Visitor: 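Below is a structure I'd like to ask you about.
Residue numbers begin at 1 in each chain, while the letters A, B, ... track the order of the sequences. The model shown is predicted, which means the values in this text are computed figures rather than measured ones.
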Amino acid sequence: MALQVTRFSAWNVLKNGFIGQSGWSRQWRDPEPKSKYDIVIVGGGLHGLATAYYLAKNFNLKNIAVVEKGWIGGGNAGRNTTIVRSNYMLKGNREFYEHSLKLWENLSHDLNYNVMFSQSSHITLYHTPSALDSAARRYNIMRQTGSDAEIWSRTKLEKKIPHLNYAKNARFPIYGSLVQKRAGTARHDAVAWGYARAADKLGVDIIQKCEVTAIDRKGQKINSLQTNRGKISAKKIALAVAGNTSRLWHLANLGNLPIESHKLQAFVTEPLKPLLDQVVVFGVGGAHFYISQSDKGGLVFGGDIDWYKSYAQRGNLPIVQDVAESAISLMPCLGRVKLLRHWSGIVDMSMDGSFFMCKTPIDNLYLNAGWNYGGFKASPASGWYFADLIANDRPSEIIKNHDLERFKRGHYIDESGAGPDTKLHG
Amino acid sequence: MIQIECPFCGKRDQSEFSYGREGQITFPALNADENSWYDAVFLRKNTYGRQIETWQHTHGCRSWLLVERDTVTHKIFSVKLAHTDWQKQIKKTT
């Protein structure tokens, strides 16, 4: 039974103002799992929910379930720094992330849910003349592949973002920046809730607190999944469990993957008055730091991964120190700001820093994994192309090289050129 | 913070060490077939729980260590030198 969901509109907001907000319905159902589905997506994160939504919307498919071991929005969907951008360079990645950004631009309307996507610019600082050459190269590639990019001089930056450390004697003086104006931030929880609500409305069953405990595999086919809420059989099974991909891969007896699980920390300070409009990225001399200000006023920032393999959803102290040092060297005015919370999420780090979206050795199993430290921005396109892969049983031209076998072919999609060591792609 | 008991230097903070890779990985002979090289270079077991892994005491004695650690709780069970024949090697050079 589909739920009658109240649409968000100016009229409904006004009407509910008069009737004490009593006219709002439940946002999505809480169904019991059925024993049989056409498609089961394992993982109710942003990618899994988006996949279910686009399967139902773009391909008009019914009888789909998303199973989630915790609750939706409780994994990496709620543990990121909410940055959306498409400043990638390599073929495959470029088109993919640009498509994602285009979907973001209309996402609130599409889902009838305000995901608070704010295109407030993404600023990558550079600190040497040679870094300008590298920024210009990226700028040209972005401009020529249908995206937007600008190069801002130091003078322009000083006017636009007055609080950065522009000292001439800084260890890494700021020369200028590469800017993507259509990039920005979104409200991460709203994206999870928006996709869940929209998918549920199209008939998708979202089953929370349902953990896959075993996989019944017969040769080249998976017949059913054993879960803590009973056995669920499916014609097609899709994994979107980045962070825990290897665990499910081992459950299906599929051997090893070119993936290691690492943890990535994020931080938020006490709320401040408006201080920073843009997302600013500082990455020089071994430092890696990105910062933005949320709508509530907290400064949200992050740095590198923790450098060693881990499934613990808690961070280590050396990175807290590194990130704090970067924050102070970039914005000395933050010296007395208090840290409110910090947390960590488990990410799939892949051997070249790029994701996997492909068919697998099992005929009816599809894989979506390896998002490294950048899965949030990818969510809409990830759902879009993964749905296309599942529905048509073949990868789209854009993601055809994002398969597990690419390393065997020598086809690395390595944006940073760091080589086959997962921790170096942070 | 994780602390690792280095056999030479004693118990030190994790920030003095750098993580290497999964300890069971051994590199095949140079003329081995491509598949075994692919396995060693690209594929990982990515164990959830107890595993043996390599660390280097980068900011200490620089030895490579074999550490048995739980990847969920970060509890360390044992630490030993990765190169067991180090005494022989030292004798050879002195």
Visitor: If you count every heavy atom of other residues, nucleotides or ligands that lies below 6.0 Å from B:Trp64 atom CH2, does the total exceed 12?
Guide: yes

Visitor: State, yes or no, whether a side-chain contact exists between B:His74 and A:Tyr308 at a heavy-atom distance under 4.5 Å.
Guide: yes

Visitor: Based on non-hydrogen pairs under 4.5 Å, which of B:Arg69, B:Arg21, B:Glu34, B:Glu53 is most in contact with chain A?
Guide: B:Arg69

Visitor: Among A:Ile319, A:Asn316, A:Asn256, which residue has the highest count of heavy-atom pairs closer than 4.5 Å to chain B?
Guide: A:Asn256

Visitor: Which bit of B:Trp55 is near chain A, if near means a heavy-atom gap under 4.5 Å: side chain, backbone, both or neither?
Guide: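 Answer is side chain: those atoms of B:Trp55 sit under 4.5 Å from chain A.
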
Visitor: Taking the side chain from B:Tyr38 and the backbone from A:Glu405, do they hold a donor-acceptor pair closer than 3.5 Å?
Guide: no

Visitor: Given that the side chain runs from C-beta out, which part of B:Thr47 has a heavy atom under 4.5 Å from chain A: side chain, backbone, both or neither?
Guide: both

Visitor: With respect to chain B, which residue among A:Arg247, A:Gln321, A:Met351 yields the maximal number of heavy-atom pairs within a distance under 4.5 Å?
Guide: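 Sorted descending by pairs with chain B, the first entry is A:Arg247.
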
Visitor: By a 4.5 Å heavy-atom criterion (distance strictly below it), what part of A:Ile346 contacts chain B: side chain, backbone, both, or neither?
Guide: neither

Visitor: Is any side-chain heavy atom of A:Pro420 less than 4.5 Å from a side-chain heavy atom of B:Val41?
Guide: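 Contact flag for A:Pro420/B:Val41 side chains = yes.
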
Visitor: With heavy-atom distances below 4.5 Å as the criterion, would you say the side chains of A:Ser246 and B:Arg44 are in contact?
Guide: no

Visitor: For B:Asn35, is it the side chain, the backbone, both, or neither that has a heavy atom closer than 4.5 Å to a heavy atom of chain A?
Guide: side chain

Visitor: Below 4.5 Å, heavy-atom pairs only: which of A:Gln313, A:Arg314, A:Lys263 has the largest tally toward chain B?
Guide: A:Arg314

Visitor: Could you tell me whether the side chain of A:His250 and the main chain of B:Lys45 form a donor-acceptor pair under 3.5 Å?
Guide: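 Yes, A:His250 side chain to B:Lys45 backbone: donor-acceptor pair under 3.5 Å.
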
Visitor: Give me the atom names and distance for the closest heavy-atom approach of B:Val72 to A:Tyr311.
Guide: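 That would be CG2-CB, 4.2 Å.
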
Visitor: Is it the case that atom NZ in A:Lys408 sees more than 12 heavy atoms from other parts of the structure closer than 6.0 Å?
Guide: yes

Visitor: Would you compute the distance between atom CZ of B:Phe42 and atom CG of A:Leu257 and round it to the nearest 0.5 angstrom?
Guide: 14.0 Å

Visitor: Report the distance from atom CD1 of B:Ile2 to atom OG of A:Ser310, rounding to the nearest 0.5 Å.
Guide: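 Rounded to the nearest 0.5 Å, the CD1-OG separation comes to 7.0 Å.
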
Visitor: Within the side chain of A:Lys423, is there an N or O that forms a donor-acceptor pair under 3.5 Å with the backbone of B:Tyr19?
Guide: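 At least one qualifying donor-acceptor pair exists.
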
Visitor: Just by distance, do the side chain of B:Asn46 and the backbone of A:Ser261 share a donor-acceptor pair under 3.5 Å?
Guide: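 Yes: the side chain of B:Asn46 pairs with the backbone of A:Ser261.
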
